[in-house]
Amino acid sequence: MEPHPHAAARALVFLSLALLAHGKPGDLNRDSFPKGFVFGTASSAYQVEGNALKYGRGPCIWDTFLKFPGATPDNATANVTVDEYHRYMDDVDNMVRVGFDAYRFSISWSRIFPSGIGRINKDGVDYYHRLINYMLANKITPYVVLYHYDLPEVLNNQYNGWLSPRVVSDFGNFADFCFKTYGDRVKNWFTINEPRMMASHGYGDGFFAPGRCTGCRFGGNSATEPYITGHHLLLSHAAAVKIYRDKYQAAQKGKIGILLDFVWYEPYNYTIEDEYAAHRAREFTLGWFLHPITYGHYPETMQKIVGDRLPSFSPEQTALVQGSADYIGINHYTSYYVKHYVNLTHMSYANDWQAKISYDRNGVLIGKQAFSNWLYVVPWGFYKAVMHVKDKFRNPVIVIGENGIDQAGNDTLPHALYDHFRIDYFDQYLHELKRAIDDGARVVGYFAWSLLDNFEWRMGFTSKFGLVYVDRKTFTRYPKDSTRWFRKMIKNEE
Ligand SMILES: *[C@@H]1O[C@H](CO)[C@@H](O)[C@H](O)[C@H]1NC(C)=O
Ligand SMILES: *[C@@H]1O[C@H](CO)[C@@H](O)[C@H](O)[C@H]1NC(C)=O
Ligand SMILES: *[C@@H]1O[C@H](CO)[C@@H](O)[C@H](O)[C@H]1NC(C)=O
Ligand SMILES: *[C@@H]1O[C@H](CO)[C@@H](O)[C@H](O)[C@H]1NC(C)=O
Ligand SMILES: *[C@@H]1O[C@H](CO)[C@@H](O)[C@H](O)[C@H]1NC(C)=O
């Protein structure tokens with residue numbers, strides 16, 4: 001039977017009213033977010049600058065790590081990557097075209113201090129002057145990260161880098177130099193990006209440089225070193241914040257915080273056992289760093305399980321660490337299910353969670369898989385993650401420091417530009433972010449990862465997160481369809 005024409009028309013009217021009332025994917029715009037909300041993209045020095053061994057830059061731990069064949073599936077290095085060092089103007093111009101307000105980039109410590117301390121490399125210092133000045137001339141606000149995985153190799157050789165308390169004053173010295181040199185123009189700082197990833201992958205499973213773990217070729221101890229390095233990362237962060245607050249903040253009037261990665265962990269079964277397992281997973285990742293920053297000590301569940309392998313804070317250190325952030329950066333991509341699981345084979349950071357993650361429940365994936373097998377599209381998990389930060393950590397000011405989705409590195413032109421799966425991801429995730437803001441989360445900015453297809457660490461160039469495609473031979477930039485979606489959303493225009 002044909003539907004009655006009037007019934008169809010009525011249904012249409014009803015449908016559009018319903019969509020107006022409840023919102024639909026695609027209807028976000030700048031006015032959906034609070035006044036002054038910042039939209040930007042994020043990158044890191046090592047992944048985009050290239051010229052790793054040029055213009056006076058000293059090597060970092062990743063340059064050494066990548067010399068071992070098989071470190072990346074395509075044997076890639078970051079020697080050249082996307083050459084932002086020379087092409088930063090193209091990149092800033094693309095940000096302006098889309099309508100972004102800000103760019104989150106990191107400063108390569110060994111480009112400024114090739115040996116970590118001591119001699120300063122003027123070429124490196126000048127590069128960041130050029131980048132910052134060009135951004136400001138184009139009304140792109142810098143959000144500057146002091147450390148994104150790239151420890152100067154010399155410090156690793158001299159005293160085992162993050163394993164030694166000596167790193168704290170060396171990092172403080174580098175931070176001080178950056179505040180003094182760039183702080184007249186940079187008003188938004190982050191000390192360290194994802195200390196959890198550094199500590200757990202650098203020293204827990206050897207997946208990241210410097211590649212240490214129990215049984216790893218570079219040595220290590222997965223039961224102790226992640227906690228020691230985590231402790232020094234926190235103390236280094238706090239030392240840099242103290243320097244900023246004591247010497248620069250009053251005059252420069254900027255803000256400083258830290259960037260923490262946070263996967264949302266959902267209980268596999270809604271049983272007490274799995275609820276606790278999910279709780280532990282959150283505490284061993286986000287809580288490891290945000291709990292001390294908020295409350296002055298490590299989470300109780302970590303103290304209980306890790307015991308005396310977990311360093312403790314002296315009263316002076318507690319005073320330094322607690323409250324050491326004007327805002328909290330949260331990097332979020334995905335969510336996993338978590339089951340209670342005790343693995344007694346080896347004592348390690350990973351087994352201390354007493355939990356096992358699962359990408360599916362009863363064979364049903366938690367969300368659609370992206371190109372990477374660790375990334376599933378779970379928009380509701382973003383809402384839960386942001387609300388968790390709000391509810392459990394005294395409602396801090398939050399900046400979303402990273403969020404994005406990848407496609408295969410061998411996806412070529414022109415197909416690689418038709419990234420509708422990425423538009424769907426951003427649209428759904430930003431709807432969930434808006435929902436969290438409407439429910440009281442104090443989120444003031446959002447940075448998509450990433451402007452460009454770039455060097456993705458252990459994935460080399462086999463995974464692309466960019467809004468802009470980069471031809472690997474000519475370095476020409478080609479904006480993908482997702483840039484048009486952002487433009488429409490940010491500028492309220494086609
Ligand atoms: C990477 O390098 C190793 C050692 O030189 C070689 O065996 C392997 O085939 C290379 N892989 C690729 C994808 O080129
Ligand atoms: C990258 O630089 C390293 C020096 O650290 C060198 O050994 C390697 O051959 C370079 N790789 C390429 C592909 O240029
Ligand atoms: C948890 O879920 C799995 C899969 O559905 C099921 O086999 C198991 O019995 C559940 N466990 C509990 C304690 O409910
Ligand atoms: C138990 O821990 C060991 C050592 O970390 C690991 O190799 C193994 O995969 C774990 N087993 C399970 C089932 O997770
Ligand atoms: C692209 O790369 C993926 C793995 O990264 C591989 O499975 C696939 O076969 C490649 N496709 C082409 C056309 O080379």
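We use all heavy atoms of the structure for the numbers below, so side chains are in, but hydrogens, waters and symmetry mates are not. Residues take their numbers from the sequence shown, with the count starting at 1. Just so you know, ligand 1 is whichever comes first in the structure, and atom 1 is the first atom listed for that ligand.
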- Message: For ligand 4, which is the ligand I care about here, please tell me if N343 has any N or O atom under 3.5 Å from one of the ligand's N or O atoms.
- Response: yes
- Query: Has ligand 4 got any nitrogen or oxygen that is less than 3.5 angstrom from a nitrogen or oxygen of T345?
  - Reply: yes
- Message: Restricting to salt bridge (Lys or Arg N to Asp or Glu O under 4.0 Å), what partner residues turn up for E456, sequence neighbours left out?
- Response: none
- Message: Tell me every residue that passes salt bridge (Lys or Arg N to Asp or Glu O under 4.0 Å) with K434, counting only those two or more places apart in sequence or in another chain.
- Response: D438
- Donor-acceptor pair, side chain of H237 and main chain of L233, under 3.5 angstrom: no
- Item | Distance in Å, R309 CZ paired with N221 CG, rounded so as to fall on 0.5 Å steps | 8.5 Å
- Item | Amino acids contacting ligand 5, non-hydrogen cut-off under 4.0 Å | F371, N410
- Pair F313 and Y298, ring centroids less than 6.0 Å apart: yes
- Message: List ligand 4 atoms under 4.0 Å from K356, heavy atoms only on the residue side.
- Response: 12 (C), 13 (C), 14 (O)
- Message: Going by side chain to side chain contact (heavy atoms under 4.5 Å, CB included), name the residues that satisfy it together with A102, two or more places apart in sequence or in a different chain.
- Response: V38, T141, Y143, F447
- Message: Quick one: does any side-chain atom of S222 pair with a main-chain N or O of T214 as donor and acceptor, under 3.5 Å?
- Response: yes
